[in-house]
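What you are looking at is a predicted structure, and each value in this text was computed from that prediction instead of being measured. Numbers here simply count residues along the sequence, with the first being 1.
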Amino acid sequence: LKLRCLVGSAHLAMGLRRSLSAVLIAHVILQQAQAFAGLSNARRESTAGLRGKAIELEREADEQVLRNRLSSARAHLKDVVLRIEDYTNQFEMGVRKNPGWTPADADELAQRLAHPMKKVLSALQEAQEDLVARPAASSGSLLQGAIRSGMQVEGMASKVVADVRTGKPTEALKNLSAIRDAFDVLDQALSQNLVLT
């Protein structure tokens with residue numbers, strides 16, 4: 001009987017050891033799984049944070065590209081205004097009542113306006129495409145209006161050339177005024193904080 005008790009106790013002790021070992025192993029596995037899950041969550045949070053920063057950097061880069069395009073359009077539009085003023089200043093300031101323009105002056109003006117007008121239209125077209133790809137969160141209507149009015153400058157500049165050709169200084173000044181207005185709208189758009197979505 002004692003032998004049976006001893007054998008039974010030994011079996012019980014071994015069973016308890018096995019059960020205890022299984023519980024300890026399960027506990028270690030559970031701790032490792034929790035640590036891995038915490039590490040995985042930290043990685044997910046870190047990855048999400050990096051993605052957020054990358055998106056923010058991309059947005060800021062897009063805003064700077066748009067600002068550069070609008071600045072380019074503005075600079076070339078200012079060049080258009082100055083080139084027209086070379087022909088209209090004397091009349092506008094009252095120095096001459098008749099500027100004495102000839103068809104050769106009109107041809108020369110058209111040639112002088114061709115390059116800056118091409119640059120204005122190119123920059124505005126690219127800015128328009130930028131806004132289609134990534135709309136402005138704020139001041140969007142101001143930007144769209146600046147681009148629209150800037151795109152109309154080509155027609156106004158052509159009218160100035162026609163006015164120089166036909167010797168109509170008053171009409172040339174009206175069209176020059178419209179070009180100056182387009183410049184002012186573009187200038188106002190650039191003074192705003194550009195925020196893209």
Side-chain angles (χ1 to χ4, degrees), residues 58-197:
E58 183 181 351
R59 185 187 59 76
E60 288 174 2
D62 289 345
E63 288 169 0
Q64 187 59 46
V65 167
L66 178 60
R67 182 170 291 286
N68 291 348
R69 293 190 202 288
L70 293 174
S71 294
S72 173
R74 180 190 176 279
H76 291 294
L77 188 53
K78 183 64 175 175
D79 196 22
V80 168
V81 169
L82 291 173
R83 289 177 187 210
I84 292 171
E85 286 176 345
D86 286 346
Y87 292 83
T88 61
N89 273 348
Q90 288 187 349
F91 179 77
E92 188 174 21
M93 292 181 200
V95 175
R96 299 176 92 184
K97 291 191 185 262
N98 182 357
W101 296 324
T102 66
D105 291 329
D107 293 339
E108 182 184 35
L109 178 59
Q111 187 176 10
R112 291 185 65 206
L113 293 178
H115 180 72
M117 276 309 310
K118 180 180 176 184
K119 293 290 189 176
V120 168
L121 295 175
S122 174
L124 291 174
Q125 181 63 39
E126 290 170 350
Q128 180 66 41
E129 290 167 5
D130 291 344
L131 284 176
V132 168
R134 190 169 204 150
S138 65
S139 67
S141 61
L142 180 61
L143 288 173
Q144 290 292 346
I147 291 171
R148 263 193 311 278
S149 65
M151 293 290 214
Q152 295 171 355
V153 167
E154 183 179 32
M156 293 177 243
S158 295
K159 288 179 182 179
V160 170
V161 170
D163 295 334
V164 168
R165 186 175 309 284
T166 57
K168 297 179 182 173
T170 306
E171 293 301 314
L173 287 179
K174 285 181 188 174
N175 289 309
L176 175 58
S177 178
I179 294 171
R180 288 175 178 153
D181 290 344
F183 176 83
D184 291 342
V185 171
L186 192 54
D187 206 32
Q188 185 182 7
L190 273 167
S191 70
Q192 300 296 313
N193 187 17
L194 302 178
V195 179
L196 301 177
T197 57

| request: Please examine the side chains of R112 and D86, heavy atoms only from C-beta on, and report whether any two atoms are closer than 4.5 Å. | output: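 SC-SC contact between D86 and R112 confirmed.
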
| said: Side chains of Q128 and Q144, heavy atoms from C-beta outward: is any pair under 4.5 Å? | reply: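 Yes, their side chains come closer than 4.5 Å.
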
Atom of [X], atom of [Y] and distance for their closest heavy-atom approach:
{"X": "V160", "Y": "A172", "answer": "CG2-O, 3.8 Å"}
{"X": "A189", "Y": "L143", "answer": "CB-CD2, 4.0 Å"}
{"X": "E108", "Y": "Y87", "answer": "OE1-OH, 2.8 Å"}
{"X": "A182", "Y": "L77", "answer": "C-CD2, 4.1 Å"}

May I ask you to decide if [Y]'s main-chain N or O and [X]'s side chain share a donor-acceptor pair within less than 3.5 Å?
{"X": "R67", "Y": "L190", "result": "yes"}
{"X": "D79", "Y": "A75", "result": "no"}
{"X": "S72", "Y": "N68", "result": "no"}

| Pairs satisfying salt bridge (charged side-chain N to carboxylate O under 4.0 Å, His left out), at least one member in residues 151-168, at least two apart |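 Passing the test, one end in residues 151-168: D107-R165.
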
Hey, what do you get for [atom1] ([X]) to [atom2] ([Y]), rounding to the nearest 0.5 Å?
{"X": "T88", "Y": "W101", "atom1": "OG1", "atom2": "CH2", "value": "6.5 Å"}
{"X": "D187", "Y": "K78", "atom1": "CG", "atom2": "NZ", "value": "9.0 Å"}
{"X": "L66", "Y": "E63", "atom1": "CG", "atom2": "CD", "value": "8.5 Å"}
{"X": "L113", "Y": "R83", "atom1": "CG", "atom2": "CZ", "value": "7.5 Å"}
{"X": "M156", "Y": "S177", "atom1": "CE", "atom2": "OG", "value": "10.0 Å"}
{"X": "L131", "Y": "L70", "atom1": "CG", "atom2": "CG", "value": "7.5 Å"}

| request: Taking atom types as modelled, find out whether D184 and Q188 have a side-chain donor-acceptor pair closer than 3.5 angstrom. | output: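 Looking only at side-chain atoms, Q188 and D184 do not form any donor-acceptor pair under 3.5 Å.
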
According to side chain to side chain donor-acceptor pair (under 3.5 Å), who are the partners of [X], at least two apart in sequence or on a separate chain?
{"X": "D181", "result": "none"}
{"X": "R96", "result": "Q90"}
{"X": "T102", "result": "D105"}

Taking only distance into account, with no hydrogens and no angle test, what donor-acceptor pairs under 3.5 Å do side-chain atoms of residues 118-126 form with protein atoms, sequence neighbours excluded?
residue	atom	partner	partner atom	Å
Q125	NE2	E129	OE2	3.4
E126	OE1	R69	NH1	2.8

| field | Counterpart residues, salt bridge (charged side-chain N to carboxylate O under 4.0 Å, His left out), relative to E85 (two or more places apart) | value |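 Expected list: R180.
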
